[in-house]
Amino acid sequence: AQANTMLRLATTTSTYNSGLLDYLLPIYQEQTGVQIQVISVGTGAALRLGQDGDVDLVMTHAPEAEAAFVEAGHGVLPRTLMYNDFMIVGPESDPASLGSAQNVLDAFAQIAQSGAIFVSRGDESGTHIKELELWALANQSLPFDGYRSVGQGMGRVLSLADEMEGYTLTDRGTWLAMKSRLDSTLLFEGDEQLFNPYQVILVNPERHPHTLYDAAKAFADWLVSTEGQDLIDSFQVEGEQLFFASAED
Amino acid sequence: MVAENLEKRFGRTRLWHIDRLELKAGETVHLRGENGSGKTTLLKILAGLQSPENGSVLINNARVKLGEKVCYLHQQPYMFDRSVKGNLALVLSARRESAKVKQQQLEDALHWSGLEKQADQLARTLSGGERQALAMARARLCQPSFWLLDEPTASLDEKGVTKCVELVKTLRESGAAILLTTHQQGELTQICDHTWWMKDGRLVTD
Amino acid sequence: MVAENLEKRFGRTRLWHIDRLELKAGETVHLRGENGSGKTTLLKILAGLQSPENGSVLINNARVKLGEKVCYLHQQPYMFDRSVKGNLALVLSARRESAKVKQQQLEDALHWSGLEKQADQLARTLSGGERQALAMARARLCQPSFWLLDEPTASLDEKGVTKCVELVKTLRESGAAILLTTHQQGELTQICDHTWWMKDGRLVTD
Amino acid sequence: MSFKVSLTALLIAFPFAAVLGFVLSFWRFPGHWFVVTLNNTMLAIPTVVIGLILVLLLSRSGPFGDLRLLFTQPAMIIGQILICFPLLVAMMHMAYQGVSRHAWETARSLGCSRLKALWLITLEVRFAVLAALVTAFGRVIAEVGCAMMVGGNIAGYTRTITTSIALETTKGEYVQGIALGIVLLVLALVLNLLVGVTRGRSIQGASQ
Amino acid sequence: MSFKVSLTALLIAFPFAAVLGFVLSFWRFPGHWFVVTLNNTMLAIPTVVIGLILVLLLSRSGPFGDLRLLFTQPAMIIGQILICFPLLVAMMHMAYQGVSRHAWETARSLGCSRLKALWLITLEVRFAVLAALVTAFGRVIAEVGCAMMVGGNIAGYTRTITTSIALETTKGEYVQGIALGIVLLVLALVLNLLVGVTRGRSIQGASQ
Ligand SMILES: Nc1ncnc2c1ncn2[C@@H]1O[C@H](COP(=O)(O)OP(=O)(O)OP(=O)(O)O)[C@@H](O)[C@H]1O
Ligand SMILES: Nc1ncnc2c1ncn2[C@@H]1O[C@H](COP(=O)(O)OP(=O)(O)OP(=O)(O)O)[C@@H](O)[C@H]1O
Ligand SMILES: [Mg+2]
Ligand SMILES: [Mg+2]
């Protein structure tokens, strides 16, 4: 019955670029015949597409914006799907000596005070929101001297930071995909503060009756099922696991 | 073709005012006047290519429709950016006649113009006189009943002038009306039935 | 001005071949020939606007440099998209003379052309004869020593022709060499010292 | 894919642009300068803005949402039409401006209908028309902002070479991006060579 | 900011483009068609590809890395020059093609130097030149791919109106994006009105 269904999923560029969806979707299509078109945009734009009913479900990683999204009744049935983590990368010389940082807040404070360059996404993406949150927690006022807000995607920001010999906050997936082309090195990782939870949210069928709610729900169900979760855990880039399934069922 | 109360102005200056003008079928008229007296302008208005500030031109009590029945030959004929043949063929292309008839007409026209050797040459590379000849041949294909010829012989050699005179004679016999301008005296002016003078902004007919 | 062994071809067909041609200062020559015989082409080559397939044109044993000493007047003069005055002024703009002298020259030229009333009109709206007059006035400002006039009188009225004849006379007296073409017989051809004929691809001098 | 969308857009936009360009150069009418200025201003609209407006219009919550056009090829075609139209108008205006009024008068004198005369004059400036088409084609094929937004860059469906390039560069896959750029370039070169061949002999040199 | 960069790029590119366009339309030389085809192909290069190439060249590990130009305004200007150059060449070629060869011959006959004659002929097609400039300006001001990559869209330094718009749209801030679009439009309109005023009386209607 679902053979010709075409679902539309809006997600963030970083998720899409990591290759996870290219890995999962063909499997799902094989099983059910449902085709899923992925529209990868910024987090803000992804939620906006959901709000306008132009897609059937969204997969994002900006907890507060998502909460607001559900609160406002644009989306229903938000479910935690998985998490990955952020990390700080920067020049090998490490002018802010992040090696000595105890936690991520220390690390941020050291960057701000050392006068080094920090490149910010500046595009209100999940990563950017996370970064702003961390600056606030670390009690640093923005923008400081070396702060560069560039308003571009993660891949570009990594290249930019590399070019400017600055630090930046990145998700692991993009970093793994790009690191072979960069001089920057991984300088800080592993703090719990840096975990990055993904949710999958269905577009409210009462607001947008034309959306394929049932098919979207079936897909979301599959993602949080044991099968989907196992698949997520088994996805690797450059021999490293990227996403950690975390659905609570 | 009748025009009444025709007036042409540029801004505030009046070029000329014509009370009445009548061109009958089978008539040949020579329009004379100094440089800049407004001959070309009059011909263009009669052909419907420019509009007068006042008055109107009627053919059989109907307004002139551009390109119908009236054919105006430019003082400096425009050559389309194609071969000599192509310039002739474009007149025929709209006709509903068999390809064979068209081919025949094309060849006649080419022969008449005397440009057979240059048939495939780009029309824009023709010499001044050749252009004039081609323009006449092209207009001939239209078979209009009113001909407005603007200095057709200006850059023609003797042979060309003779050909032009013959054209005018043939046209007249076939009942067409011809209004032509030229600054040269000669055979062409001698065969005209009337001479009109453009003088001080008025048209003086004989 | 001397040219030897000049030849012009278009592809495989030869337009003409000229063994020798000499134009001396103070001489006025009338170049005759049928339509399409290659008169315009010859004048353009002498002016350095086209290059011959063979041979070369020398002035005082030096190659013609376009725009120096030699001035060619087109059969259909090109009017720059500016006013009549502007068309005259552009010749003067390159000169190193005081503004007052230039202004004087401009007014002389305007007066000579008889287009004082149209000084501020766009040159492209001029009538055929007026264009020709303006082109002559414009060339006059260049004061070249070789004049190549291509059918200067084709669309001029009697007054215009007289003016052209006077121009040629004045030029000749000032020692300039003039080579002109025209299909009309008249005053202009009578004052010429020589007549050259362009016939069957050869130049016949008298 | 890219080519199909762009060519369709071009072919739809061209006739209208040609007629408008013609009217602008052969006719004076009140408001003439206004149309020209407006068109020139439209040239400066970033394609992302066009994309944005289209997204707002075509979105399910927008006025034309029921057509279900967003993220489909027709939507991309509409976007590209909007993008190339002002450019085509400007260039066709310029092209026709190069033709003497005598051409029109002569064509009409010879008994051509208005449409026929327009066609003849378009042929007179055929090289300029080709140049206009090639330029407009370059603009739409190379355009990424609107194509991304309106098409959604859905793999295998609305992904064009150009949006792929944009995607590859965001991934940092520069080599891949340049490789795709070269593919596009070669395709464009082939197309231009085809156009060049049809131009025939008289392409070079100013007219007359 | 946007305007300064774009105008600078335009003014640098224009003279070269004009001369090349002139040569292409008044001269036949071997390789003529090749230059034309190449230029037309260049028109189809996406701006992101130009950006990409510039990034590779200007990056610290690239051949011109020592100039430290990447993510500066000069780099953006270079990018925009590369973007508008082929367009300017195509349009100037088209413009000059509208001029009869007689114009050149007449100018030279009247004793004008080559440069003077070129200038006169450029004046003959001044409206086409203006149209070319306006079109090219539209292209560079509206361009986002290259500006993003080469400039880096750094807030307050290399961020232009257009890259801001692109940023706002990725944020989903459509209203903000459109507002900025309107700002850009108004600025472009003002510029075009200025151009329109200088055009003077004879703008309308085909020549002659
Ligand atoms: N737009 C215009 N504004 C002002 N005057 C104009 C305009 N257009 C034409 N004229 C003038 O109108 C007059 C008439 O020109 P027209 O071409 O009709 O003359 P003509 O009798 O054909 O002359 P010729 O024998 O030289 O061909 C000319 O003096 C010309 O300068
Ligand atoms: N590119 C070309 N290819 C072939 N033939 C050409 C080319 N250009 C010109 N011709 C021919 O060369 C001949 C010479 O033309 P030219 O203009 O010199 O003649 P002319 O003597 O000035 O004639 P007219 O008295 O009519 O002005 C013409 O027959 C023309 O058709
Ligand atoms: Mg006249
Ligand atoms: Mg001649």
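Letters A, B, ... mirror the listed sequences (proteins, then strands); counts begin at 1.
- For E:Ile178, the parts lying near chain D are the backbone and the side chain together; criterion is any non-hydrogen pair under 4.5 Å.
- Considering every non-hydrogen atom in both E:Thr41 and D:Leu185, the closest pair reads CG2-O, 3.5 Å.
- Taking chain D as the reference chain and counting heavy-atom pairs below 4.5 Å, the highest number among E:Thr135, E:Thr162, E:Ile141, E:Val144 is found for E:Thr135.
- Highest contact tally toward chain E, considering only D:Gly138, D:Gly181, D:Ala166, D:Ala103, is held by D:Gly138 [criterion: heavy-atom pairs under 4.5 Å].
- Residues satisfying the side-chain hydrogen bond (donor to acceptor under 3.5 Å, both in side chains) test with E:Thr169, not counting sequence neighbours, are none.
- Minimum heavy-atom separation, D:Gly177 to E:Leu52: C-CD2, 3.9 Å.
- Residue E:Leu189 touches chain D through both its backbone and its side chain, counting heavy-atom pairs closer than 4.5 Å.
- The most heavy-atom pairs under 4.5 Å with chain D, out of E:Thr37, E:Ile182, E:Leu180, E:Val125, come from E:Thr37.
- With a 4.5 Å cut-off on non-hydrogen atoms, E:Met148 does not touch chain D at all.
- Residue D:Val55 touches chain E through its side chain alone, counting heavy-atom pairs closer than 4.5 Å.
- Using a 4.5 Å heavy-atom cutoff, the side chains of E:Leu184 and D:Pro46 are in contact.
- D:Ala188 and E:Ala44 make their closest contact through CB-CB, 3.7 Å (heavy atoms, listed as atom of the first residue, atom of the second, distance).
- Atoms CD1 and OH, from D:Ile53 and E:Tyr174 in turn, are 13.0 Å apart once rounded to the nearest 0.5 Å.
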Check step by step if side chain to side chain contact (heavy atoms under 4.5 Å, CB included) holds for E:Asn192 and D:Trp33.
CA-CA 10 Å; E:Asn192 273 304; D:Trp33 71 269; over 6 Å; no
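- Heavy atoms of E:Leu56 lying under 4.5 Å from chain D belong exclusively to its side chain.
- D:Met91 approaches E:Met94 most closely through the heavy-atom pair O-CE, 2.9 Å.
- Looking at E:Val140, neither its backbone nor its side chain comes within 4.5 Å of chain D, counting heavy atoms on both sides.
- Chosen from D:Ile45, D:Asn39, D:Val49, the residue pairing most often with chain E at heavy-atom distances under 4.5 Å is D:Ile45.
- Contacts between E:Phe137 and chain D at a heavy-atom distance below 4.5 Å are absent for every atom of the residue.
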